[in-house]
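Contents: one structure, followed by commentary.
Just so it is clear, the values below take in all heavy atoms, side chains as well, and ignore hydrogens, waters and symmetry mates. Position 1 is the first residue of the sequence; numbering continues from there.
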Amino acid sequence: MTINVLLTGASRGIGAAIAETMAAAPDVRLARQATQAFLAADFTDPAAPANLWARALAELDGRVDVLINNAGVFEASPLDAPHAEWVGQWERTMRVNLTASAELCRLAVRHWQEAGRGGRIVNVASRAAYRGDSPAHWHYAASKAGMVAMTKSIARGYANQDILAFAICPGFTMTGMAEDYLESRGGDKLLADIPLGRVAMPDEIATVARFCALEAPGSMTGAVLDVNGASFVR
């Protein structure tokens with residue numbers, strides 16, 4: 001049977017690599033979200049997640065088997081910014097990184113419950129969920145920590161219904177966003193903090209996402225997989 005997959009944040013970087021990896025898998029049908037291509041959705045709009053879900057169901061003949069939440073923003077919000085600006089950035093990041101993912105997770109779980117069958121959720125979080133991030137990225141770290149906690153809650157709550165949930169926590173990954181950040185943080189100095197000596201490549205994260213989406217055994221549900229070159233170990 002064909003496995004129907006909804007992937008968010010597919011336009012570049014990790015998301016594009018996941019899309020390529022999933023599309024190459026046999027018997028997989030992929031619906032992709034991005035702001036300017038495929039199933040366009042801007043997650044700063046509170047109505048976007050439910051609208052995306054409805055359009056994905058229409059494209060996938062009424063059935064989603066796997067949800068991969070990858071969409072996110074990583075934007076600096078300096079502590080000395082005007083208060084309203086700082087709060088606005090916090091709320092934007094939470095809306096895009098956490099709340100939209102939570103809405104899609106809820107819709108997926110309810111979809112599977114109503115159909116009387118299981119499904120899989122793969123949430124792309126971050127090393128920042130455990131290690132934290134820079135003083136200008138409280139909001140980003142908090143949103144990703146929330147994603148990890150949400151994933152564990154889903155795994156514990158619905159495993160007996162064959163609804164499985166996994167989280168992936170990349171460290172720095174060689175996307176355009178990561179390249180800019182590496183440069184802003186000193187490049188070589190930051191790399192010195194990664195025992196592997198390099199940042200991850202998007203296809204490495206994609207390999208882990210595909211495994212969780214298609215192959216990971218049920219007993220792995222609730223697992224959080226680190227992909228950070230040993231820059232943070234738990």
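In terms of the side chain to side chain contact (heavy atoms under 4.5 Å, CB included) criterion, residue partners of Val109 (sequence neighbours excluded) are, by chain and number, Gln113, Ile121, Ile154, Tyr158, Ile163. Under the rule for a side chain to side chain contact (heavy atoms under 4.5 Å, CB included), the partners of Ser126 that lie at least two apart in sequence or sit in another chain are Ala128, Tyr140, Lys144. Under the salt bridge (Lys or Arg N to Asp or Glu O under 4.0 Å) criterion, Arg55 pairs with no residue at all, not counting sequence neighbours. Scanning for side chain to side chain contact (heavy atoms under 4.5 Å, CB included) contacts around Asp45 gives Ala47, Ala48, with sequence neighbours left out. Scored by the side chain to side chain contact (heavy atoms under 4.5 Å, CB included) test, Ala76 finds Ala136, His137 as partners (sequence neighbours excluded).
Using a 4.5 Å cut-off between side-chain heavy atoms of Ile, Leu, Val, Met, Phe, Trp and Tyr, Met1 forms no hydrophobic cluster with any other residue. Other residues sharing the hydrophobic cluster of Val233, ordered by chain and number and joined by side-chain separations under 4.5 Å: none, the residue standing alone.
A continuous path of Ile, Leu, Val, Met, Phe, Trp and Tyr side chains, each step under 4.5 Å between heavy atoms, connects Leu164 with Val5, placing both in one hydrophobic cluster. Criterion: ILVMFWY side-chain heavy atoms under 4.5 Å apart, direct or through other members. Under it, Leu6 and Phe43 are part of a common hydrophobic cluster. Hydrophobic clustering (ILVMFWY, side-chain heavy atoms < 4.5 Å, transitive): Met201 and Val227 are in distinct clusters. Hydrophobic clustering (ILVMFWY, side-chain heavy atoms < 4.5 Å, transitive): Leu196 and Phe232 are in distinct clusters. When hydrophobic clusters are built by joining Ile, Leu, Val, Met, Phe, Trp and Tyr residues whose side-chain heavy atoms come closer than 4.5 Å, directly or via intermediates, Leu57 is grouped together with Leu104.
Thr173 contributes a side-chain N or O that, together with a main-chain N or O of Gly171, makes up a donor-acceptor pair within less than 3.5 Å. The backbone N or O of Gly9 lies less than 3.5 Å from a partner atom in the side chain of Gln33, making a donor-acceptor pair. With hydrogens and angles ignored, the 3.5 Å screen pairs no side-chain donor or acceptor of Asp133 with any backbone N or O of Ala141. Asn123 places no side-chain N or O within 3.5 Å of a backbone atom of Thr151 that could act as its donor or acceptor partner.
Between atom OG of residue Ser143 and atom CE of residue Met94 there is a gap of 5.5 Å, rounded to the nearest 0.5 Å. Note that CZ of Arg63 is 6.0 Å distant from CZ of Arg117, once rounded to the nearest 0.5 Å.
Note on residues 149-169: no pairs pass salt bridge (charged side-chain N to carboxylate O under 4.0 Å, His left out), not counting sequence neighbours. Legend: salt bridge (charged side-chain N to carboxylate O under 4.0 Å, His left out) pairs involving residues 71-88, not counting sequence neighbours, sorted by first then second residue: Glu75-Arg92. Residue pairs meeting the ring pair (Phe, Tyr, Trp, His ring centres under 6.0 Å) criterion with at least one partner in residues 97-136, sequence neighbours excluded, are Trp53-His111.
Taking both residues in full, the closest heavy atoms of Phe38 and Arg32 are given as CB-O, 2.9 Å, listed atom of the first, atom of the second, then distance. Between Gly146 and Leu98, the shortest heavy-atom contact is C-CD1, 3.6 Å. Of all the heavy atoms in Glu103 and Ala50, the pair that sits closest is OE1-N, 4.4 Å. When all heavy atoms are compared, the tightest approach of Val148 to Ala129 is CG2-CB, 3.8 Å. The two atoms that bring Ser101 and Asn69 nearest to each other are O-ND2, 3.5 Å, heavy atoms only. Contact record, Val122 with Ile168: CG1-CD1, 3.7 Å, taken as the closest heavy-atom pair.
Counting heavy atoms from C-beta on, the side chains of Val96 and Thr44 come closer than 4.5 Å.
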For Leu67 and Cys105, what are the C-alpha separation, side-chain angles and deciding distance, and is it a side-chain contact (heavy atoms from CB on, under 4.5 Å)? CA-CA 8 Å; Leu67 167 65; Cys105 285; 4.3 Å; yes
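In Arg131, the CZ atom is crowded: over 12 heavy atoms of neighbouring residues, nucleotides or ligands sit closer than 6.0 Å.
Below 30°, between 30° and 60°, or above 60°: for Trp86 and Trp138 the angle between ring planes is above 60°, a perpendicular geometry.
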Using atom types as modelled, flag every donor-acceptor pair under 3.5 Å from a side chain in residues 205-226 to any protein atom, sequence neighbours excluded.
from   : atom 1 : to     : atom 2 : distance (Å)
Thr207 : OG1    : Asp203 : O      : 2.9
Thr221 : OG1    : Ala165 : N      : 3.0
Asp226 : OD1    : Arg234 : NH2    : 3.3
Asp226 : OD2    : Arg234 : NE     : 3.2
Asp226 : OD2    : Arg234 : NH2    : 3.0

Pair up each side-chain donor or acceptor in residues 18-31 with any protein partner under 3.5 Å, not counting sequence neighbours, and list the distances.
from  : atom 1 : to    : atom 2 : distance (Å)
Thr21 : OG1    : Ala17 : O      : 3.0
Arg29 : NH1    : Asp61 : OD2    : 2.6
Arg29 : NH2    : Glu59 : O      : 2.7

